[in-house]
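In what follows, a structure is listed as structure tokens, so that the remarks can point back to it.
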Amino acid sequence: MATGTRYTTGESPPGDGPAANGPADNGSSGSPHRSRQPSRWIRNSLLLALLALVLVMAMSWRGLREQALVGTSYGARVACACRFISQQDLGTCKGQIAIAGLGRTASLMMLSEDAENRSVKARVPLLASQTATFAPDRGCQLEPWAN
């Protein structure tokens, strides 16, 4: 190879390529693109599966969000009563919510307590959040839902 010679994309220096290695075989084993084809099929199949998953999630997002909102509302109300009326710790309250029949919503739900405001917040990440506040004369009340 001559020094200082530059080759553009697609060009190869003399002595490289199929002509330097002998006559090209028009069969299946000589094509350099043939060996990359299975990886393209795998990549395209994975992209198609990912696209299908995104479409299914987009179509069911509203239903998932509504179910999570109902579940977090129930969880916040029960946890508030458990914590501030029954005087139990939040871990025990979480156990009571888990056996309430909320399905997978209960397993995804996270509870947090604000002792200063006497409130409990239940949330399902990315889907819903609801707070119930305790007042001695009214008990535990949920915040109004935003439309």
Side-chain angles (χ1 to χ4, degrees), residues 1 4-13 16-18 20-21 24-147:
M1 174 191 321
T5 305
R6 294 186 181 182
Y7 298 98
T8 60
T9 306
E11 294 180 357
S12 60
D16 285 350
N21 297 333
D25 183 15
N26 292 336
S28 63
S29 64
S31 174
H33 299 290
R34 191 68 144 172
S35 63
R36 291 190 320 196
Q37 186 131 0
S39 66
R40 285 183 182 171
W41 280 101
I42 292 170
R43 182 196 67 206
N44 291 344
S45 297
L46 289 174
L47 287 174
L48 185 62
L50 181 65
L51 178 64
L53 178 66
V54 167
L55 286 174
V56 167
M57 288 296 293
M59 291 186 327
S60 62
W61 186 260
R62 183 179 177 145
L64 289 173
R65 188 177 182 292
E66 290 173 354
Q67 182 181 5
L69 184 59
V70 170
T72 54
S73 297
Y74 177 82
R77 167 68 174 76
V78 168
C80 177
C82 173
R83 178 69 187 106
F84 297 112
I85 296 172
S86 300
Q87 299 296 315
Q88 297 180 13
D89 65 295
L90 211 53
T92 303
C93 300
K94 173 82 171 161
Q96 289 180 1
I97 294 169
I99 61 173
L102 293 176
R104 58 192 160 142
T105 304
S107 64
L108 297 173
M109 191 180 308
M110 298 179 345
L111 298 175
S112 60
E113 173 187 1
D114 182 359
E116 183 179 318
N117 293 328
R118 297 186 79 174
S119 65
V120 174
K121 184 174 192 170
R123 62 187 172 96
V124 175
L126 301 176
L127 291 174
S129 174
Q130 186 65 45
T131 302
T133 305
F134 176 74
D137 57 334
R138 294 176 286 152
C140 291
Q141 290 188 324
L142 294 172
E143 289 181 351
W145 286 4
N147 288 332

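For the numbers below, each heavy atom of this structure counts, side chains included, while hydrogens, waters and symmetry mates do not.
In plain terms, the two heavy atoms of Ala76 and Ala122 that are nearest each other are N-CB, 3.7 Å. When all heavy atoms of Cys93 and Ala79 are compared, the pair lying nearest together is SG-O, 4.0 Å.
Residue Leu46 forms a side-chain contact (heavy atoms from CB on, under 4.5 Å) with just one option from Leu50, Ile42, Leu48, and that option is Ile42.
Residues meeting the side-chain hydrogen bond (donor to acceptor under 3.5 Å, both in side chains) test with Arg43, sequence neighbours left out: none. Under the side-chain hydrogen bond (donor to acceptor under 3.5 Å, both in side chains) criterion, Asn44 pairs with no residue at all, not counting sequence neighbours.
For the salt bridge (Lys or Arg N to Asp or Glu O under 4.0 Å) condition, no pair includes a residue of residues 45-54, sequence neighbours left out. Applying the disulfide bond (SG atoms under 2.5 Å apart) test to residues at least two apart or on different chains, none of the pairs has a partner in residues 102-138. Residue pairs meeting the salt bridge (Lys or Arg N to Asp or Glu O under 4.0 Å) criterion with at least one partner in residues 90-101, sequence neighbours excluded, do not occur; the list is empty.
In this structure, Lys121 and Asp114 have side chains that are not in contact, with every pair of non-hydrogen atoms separated by 4.5 Å or more.
Separation of atoms CG (Leu69) and OG1 (Thr105) is listed at 10.5 Å; rounding is to 0.5 Å. Taken to the nearest 0.5 Å, the SG atom of Cys80 stands 11.0 Å off from the CG atom of Leu111.
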Please tabulate, one pair per line, all N/O donor-acceptor pairs under 3.5 Å involving side-chain atoms of residues 124-140, not counting sequence neighbours.
from: Gln130; atom 1: OE1; to: Trp145; atom 2: NE1; distance (Å): 3.3
from: Gln130; atom 1: NE2; to: Glu143; atom 2: O; distance (Å): 2.8
from: Arg138; atom 1: NH1; to: Gln141; atom 2: OE1; distance (Å): 2.8

Side chains of residues 81-89: which donor-acceptor pairs under 3.5 Å do they make with residues two or more places apart or in other chains?
from: Arg83; atom 1: NE; to: Glu113; atom 2: OE1; distance (Å): 3.1
from: Arg83; atom 1: NE; to: Glu113; atom 2: OE2; distance (Å): 3.1
from: Arg83; atom 1: NH1; to: Gln88; atom 2: O; distance (Å): 3.2
from: Arg83; atom 1: NH2; to: Glu113; atom 2: OE2; distance (Å): 3.4
from: Gln87; atom 1: NE2; to: Phe84; atom 2: O; distance (Å): 2.8
from: Gln88; atom 1: OE1; to: Gln96; atom 2: NE2; distance (Å): 3.3
from: Asp89; atom 1: OD1; to: Thr92; atom 2: OG1; distance (Å): 2.7
from: Asp89; atom 1: OD2; to: Gly91; atom 2: N; distance (Å): 3.4

